[in-house]
Amino acid sequence: VKKRDTEQILLASVLLKHIQQMICNAQTISITKTNQINEMIFDHDDDQDELTKRFASAIFPTCALMNHSCVPNIRCVFDQGYLRVYTARSIRQGEEIFNCYGPQKSLVPSTEQRQSVLFDQYFFKCQCEGCVEMSKPLPVEKLTNGEN
């Protein structure tokens with residue numbers, strides 16, 4: 001093997017590893033156009049009144065460690081080159097911090113659609129509280145001798 005071939009193989013393997021990491025660990029960064037100013041925010045911002053366009057992806061190692069939930073307890077915002085993480089609701093001490101990898105329950109109410117998107121890209125069946133609560137059978141009241 002020639003030295004040049006070895007260098008090309010090394011470069012190709014580094015690029016392949018980077019692409020694989022981007023598929024599962026990258027955070028999409030979008031630009032949102034408003035009537036007053038242009039703000040850079042993450043795609044899964046809940047503001048529906050603004051036009052959002054994706055323009056980049058980035059890997060934030062700490063954010064990549066967070067597990068998924070269709071009802072996340074944090075919200076990520078891209079601000080002046082930094083990823084800022086805000087709580088979306090109160091988080092108890094010891095409670096796991098969940099990010100949303102894409103389809104949120106508030107935006108995609110269908111459990112089947114959310115699970116299909118997550119399986120296609122991340123290869124897992126979501127078992128978060130938003131998906132599990134929909135699949136639980138409704139409680140049946142037991143009737144005995146005309147009593148409730």
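Worth saying up front: this structure is predicted, and the values here are computed from it rather than measured.
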K.L.:
Under 4.5 Å side-chain heavy-atom separation, chaining through any Ile, Leu, Val, Met, Phe, Trp or Tyr, what else clusters with I19? Say none if it is isolated.
P.N.:
I23
K.L.:
Of all residues at least two apart in sequence or in a different chain, which pass the side chain to side chain donor-acceptor pair (under 3.5 Å) check with N25?
P.N.:
none
K.L.:
Identify the two heavy atoms, one from Q121 and one from C24, that lie closest to each other, and give their separation to 0.1 Å.
P.N.:
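Between these two residues, the closest heavy atoms are O-SG, 4.4 Å.
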K.L.:
Show which side-chain atoms of residues 61-69 pair as donor or acceptor with protein atoms under 3.5 Å away, not counting sequence neighbours.
P.N.:
residue : atom : partner : partner atom : Å
N67     : ND2  : E96     : OE2          : 2.6
H68     : ND1  : Y101    : N            : 3.0
H68     : NE2  : C70     : N            : 3.4
S69     : OG   : V71     : N            : 3.1
S69     : OG   : V71     : O            : 3.3

K.L.:
Applying salt bridge (Lys or Arg N to Asp or Glu O under 4.0 Å), can you list everything that pairs with E95, at least two apart in sequence or on another chain?
P.N.:
R89
K.L.:
For S110, what residues pass the side chain to side chain donor-acceptor pair (under 3.5 Å) criterion, not counting sequence neighbours?
P.N.:
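If we apply the side chain to side chain donor-acceptor pair (under 3.5 Å) test to S110, skipping adjacent residues, the hits are E112.
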K.L.:
Could you list all the salt bridge (Lys or Arg N to Asp or Glu O under 4.0 Å) pairs where at least one residue sits in residues 10-27, not counting sequence neighbours?
P.N.:
none
K.L.:
Holding to ring pair (Phe, Tyr, Trp, His ring centres under 6.0 Å), I want the full list of residues that pass it with F119, two or more places apart in sequence or in another chain.
P.N.:
none
K.L.:
Looking at every heavy atom in both I74 and I97, which two are closest together, and how far apart are they?
P.N.:
CG2-CG2, 3.3 Å
K.L.:
What residues form a side chain to side chain contact (heavy atoms under 4.5 Å, CB included) with S57, not counting sequence neighbours?
P.N.:
M22, A26, T28
K.L.:
I'd like to check the side chain to side chain contact (heavy atoms under 4.5 Å, CB included) partners of F123; sequence neighbours left out, ordered by chain and number.
P.N.:
none
K.L.:
I'd like a table of donor-acceptor pairs (distance under 3.5 Å, sequence neighbours excluded) in which one partner is a side-chain atom from residues 8-15, with atom names and distances.
P.N.:
residue : atom : partner : partner atom : Å
S13     : OG   : I9      : O            : 3.3
S13     : OG   : L10     : O            : 2.8

K.L.:
Of all heavy-atom pairs between P109 and R114, which one has the smallest distance, and what is that distance?
P.N.:
O-NH1, 3.2 Å
K.L.:
If I compare all heavy atoms of C131 with all of Q115, which pair ends up nearest, and what's the gap?
P.N.:
CB-NE2, 3.6 Å
